[in-house]
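Here is the structure we will look at.
All values below come from the heavy atoms of this structure, side chains included, with hydrogens, waters and symmetry mates left out. All residue numbers refer to positions in the sequence shown, counting from 1.
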Amino acid sequence: MEETKDILESEVSAQDVVETDVDTQDAPKGKYGALTSAEDSVRRLTGMYKNWFLDYASYVILERAVPHLEDGLKPVQRRILHAMKCVEDGRYNKVANVVGQAMQYHPHGDASIKDALVQLGQKGLLIDMQGNWGNILTGDEAAAARYIEARLSKFALDVVYNKKTTEWMLAYDGRKEEPVTLPVKFPLLLAQGADGIAVGLASKILPHNFVELINASIAYLRGEEFQLVPDFQTGGIMDASNYNDGLRGGSVRVRARISKIDKRTLAITEIPYTTTSESIKESIIKANEKGKIKIKKVDDNTAEKVEIVIQVAADESSDKTIDALYAFTDCEVSISPNACVIVDDKPVFMGVSDILRYSADHTKGLLGRELQIKLDELNEAWHSASLERIFIENKLYQLIEGCRTREAAYEAVDKGLEPFKSKLKREVTLEDVQRLTELKFIRISRYDSEKADNEIKQIEKDIKQIAALVHECGGLLYYDGANMNPLMGVVRPGDMGFDVLHLNLHKTFSTPHGGGGPGSGPVGVAAHLASHLPVPKVMEAEDGTLYIADGTCRCPSSPEGAGAFGPACGCAPECKCGCQACGQISGFMGNFGVLLRAYTLSLIHI
């Protein structure tokens, strides 16, 4: 034993670090290279800490905790959404299957992926859920991944994905491709909010109202002033006078909504953000045990809506009890925002107003890229159809006869196309000639010149329409005019894609710029568009129903006559006149996206 100890001591003293010959040529490269290097060497612990801690901190900041500015998503959320798109077929998928799919892109455990997926679903925008997904009001957890199902919402399919404008990179193991960022055409980060703790910094972005984000984006694009304050699914009463645009140093005070049922009974119907009905009940019990408040009992009956019933002691005033609840329990909390996002692979502290401005400009850029791609596709379709017509109608395929090699056939066809090249929009390439020579004889024999001419004319018409949009919008914006057929639409909470939006459209807060609550009449959050358009409006009635109209009522029996708007014609919430314009949304945009289309129209025509 002593000899062995002496040998080991001499080896260590002779060489502090013993390196082995390792072929690192096949070591992983790229963004994960520093962390997954295959170097097999003995290192001092102090050296590892000194050299690797910065890499570790950078990895946690960039790849785990902080959302990216472009799409508003953390890497795990982005990989989940990409995995769901890969298996998307319109039907629900077990969450366990989605988690397994996402693990091909995310180098961490299944538990973290499932938790992130549940949080995404509970935010109520991107994922259509089925089963027990927990309750944000009570704090109940979701069922096991094998028991619940999910699919992408129609909102997500329309807003988040476009393969043609997505930048791709290799996943952590080099087997699959994943998006660098998703081409999100909406201020998703501000709508959902984000919360993450990294190494040396943290990010906390509060959620905002869906319609207010649309109105603020429109105001920015028009060069008008706007103000953003948070909005929460749990409701409550908010003081955002010190919001500080979501930057460090600001704070938001949120109170529960407490009402009197009778002299000795109080009811909490809305709770502050970051709390649950269970945590509030526990804080009330603790305050009572400490003598801060005097109550007989507290019952939590929360299910779909918050209902915490408090029985006040016989010798205690209910008004004083309400004040004590705000002072000594979680019925009032202070939230400190700290908006931090990833920009150019670096963490940047940025106010929510700047985030919204970037989102609007980024959306314009994405729409511009989509427009350019569409134009390129139409021009390519026109070129191919024109070449095929020239090739068949002028019987250039006969030039292939007698050619003994492919090269000779290509040269003969290219020479035959020479008199017609001046009529084309671009040069004829070798690929074009190859495609012509590979046309099947049966296609040539059944070629319909009149049908081909009509197809070419339709392509030319489409090119002209999009070129007009390019000229009008400076080449930045795109909108599919085929979907533009403004009709009044009625959106009810049960419709696909709108039950989730319904959650945070209720203005249940007292904010510096006003607001109201359910039962206080239509909120009137209308997205007014450019004056030269039929002015579509998005409104919310007392029952939470959303309405969109172009300003023209098509109800012959309208008490206000033709031109009445929305509920004024008696079409809310049910269509009572039998006209085809009311009570349906298929004419405007299909089964979803009313607010999004209003936002898109604003982008195009501003």
Side-chain angles (χ1 to χ4, degrees), residues 157-158 161-168 177 183 185 364-485 589-590 600 604-605:
L157 291 171
D158 193 64
Y161 300 99
N162 189 328
K163 190 174 183 179
K164 298 175 183 177
T165 58
T166 302
E167 182 182 355
W168 301 90
E177 282 191 337
K185 298 184 286 292
K364 288 172 61 178
L366 289 174
L367 294 173
R369 290 174 62 187
E370 291 179 7
L371 172 60
Q372 189 59 52
I373 291 171
K374 183 67 174 178
L375 277 175
D376 293 343
E377 291 174 349
L378 287 173
N379 284 324
E380 187 64 26
W382 183 91
H383 181 79
S384 299
S386 299
L387 267 183
E388 185 175 310
R389 183 178 64 177
I390 293 171
F391 181 75
I392 296 176
E393 289 183 351
N394 294 278
K395 299 183 179 180
L396 299 182
Y397 50 85
Q398 295 178 351
L399 299 174
I400 302 176
E401 296 180 7
C403 296
R404 295 180 176 273
T405 63
R406 289 179 179 269
E407 289 73 15
Y410 297 157
E411 185 178 354
V413 173
D414 184 61
K415 187 175 181 180
L417 292 171
E418 197 67 37
F420 308 99
K421 290 183 179 180
S422 59
K423 300 179 181 180
L424 301 173
K425 295 182 179 181
R426 68 168 176 83
E427 295 182 356
V428 178
T429 64
L430 178 60
E431 290 76 12
D432 295 329
V433 176
Q434 290 175 343
R435 185 171 60 252
L436 292 176
T437 57
E438 291 171 358
L439 288 175
K440 295 183 179 180
F441 179 76
I442 191 169
R443 177 176 176 83
I444 296 175
S445 63
R446 295 182 178 180
Y447 186 76
D448 188 340
S449 296
E450 183 177 354
K451 181 180 178 181
D453 288 341
N454 291 334
E455 290 178 354
I456 293 175
K457 289 179 181 179
Q458 183 60 45
I459 294 174
E460 292 173 345
K461 183 179 178 181
D462 294 340
I463 292 175
K464 186 177 180 180
Q465 289 178 349
I466 296 182
L469 279 177
V470 173
H471 177 72
E472 178 182 354
C473 305
L476 293 176
L477 306 173
Y478 166 75
Y479 180 72
D480 185 2
N483 293 331
M484 178 55 183
N485 182 21
M589 63 178 54
T600 307
I604 292 172
H605 290 276

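- Between the side chain of Thr437 and the backbone N or O of Gln434 there is at least one donor-acceptor pair closer than 3.5 Å.
- The number of heavy-atom neighbours closer than 6.0 Å to CG of Leu430, taken from other residues, nucleotides and ligands shown, is above 12.
- Nearest heavy atoms, Leu436 versus Phe391: O-CE2, 3.6 Å.
- The local environment of CD in Glu431 is crowded, with over 12 non-hydrogen atoms from other residues, nucleotides or ligands closer than 6.0 Å.
- Nearest heavy atoms, Ile456 versus Ala385: CG1-CB, 3.8 Å.
- No more than 12 heavy atoms of other residues, nucleotides or ligands shown are found within 6.0 angstrom of CZ on Arg406.
- Between Lys415 and Glu418, none of the side-chain N atoms (NZ, or NE/NH1/NH2) sits under 4.0 Å from a carboxylate O, so this pair counts as no salt bridge.
- Around atom NZ of Lys451, no more than 12 heavy atoms belonging to other residues, nucleotides or ligands sit under 6.0 Å away.
- Side-chain atoms of Lys425 and Ile463, non-hydrogen and from C-beta on, do get closer than 4.5 Å to each other.
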- [ ] Evaluate the criterion side-chain hydrogen bond (donor to acceptor under 3.5 Å, both in side chains) for residue pair Glu370 and Thr165; output intermediate values, then yes/no.
- [x] CA-CA 7 Å; Glu370 291 179 7; Thr165 58; 4.7 Å; no
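- For the pair Glu377/Ile459, no side-chain contact is recorded, criterion being any heavy-atom separation below 4.5 Å from C-beta on.
- Thr166 approaches Asn162 most closely through the heavy-atom pair OG1-O, 2.6 Å.
- When all heavy atoms are compared, the tightest approach of Asp158 to Lys185 is O-NZ, 3.9 Å.
- Ala412 and Leu399 make their closest contact through O-CD1, 3.5 Å (heavy atoms, listed as atom of the first residue, atom of the second, distance).
- The closest side-chain heavy-atom distance from Leu439 to Tyr397 is not below 4.5 Å.
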- [ ] Tell me, with the steps shown, if Asp462 and Gln458 meet side-chain hydrogen bond (donor to acceptor under 3.5 Å, both in side chains).
- [x] CA-CA 6 Å; Asp462 294 340; Gln458 183 60 45; 3.1 Å; yes
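- Under 3.5 Å, the side chains of Glu450 and Asn454 contain no donor-acceptor pair of N or O atoms.
- Between Leu424 and Leu417, the closest side-chain pair of non-hydrogen atoms is not below 4.5 Å.
- Taken to the nearest 0.5 Å, the CD1 atom of Ile373 stands 12.0 Å off from the CG atom of Leu378.
- Note: Lys423 NZ to Ser386 OG = 10.5 Å, rounded to the nearest 0.5 Å.
- Within 6.0 Å of atom NZ in Lys461, 12 or fewer heavy atoms from other residues, nucleotides or ligands are found, so the atom counts as exposed in its surroundings.
- Using a cut-off of 4.0 Å between Lys/Arg side-chain N and Asp/Glu carboxylate O, Glu380 and Arg426 are scored as salt-bridged.
- Across all their heavy atoms, Tyr161 and Pro183 have their closest contact at C-CG, 4.2 Å.
- A distance of 8.0 Å separates CD1 in Ile390 from CG in Leu396, rounded to the nearest 0.5 Å.
- Around atom CD of Gln398, more than 12 heavy atoms belonging to other residues, nucleotides or ligands sit under 6.0 Å away.
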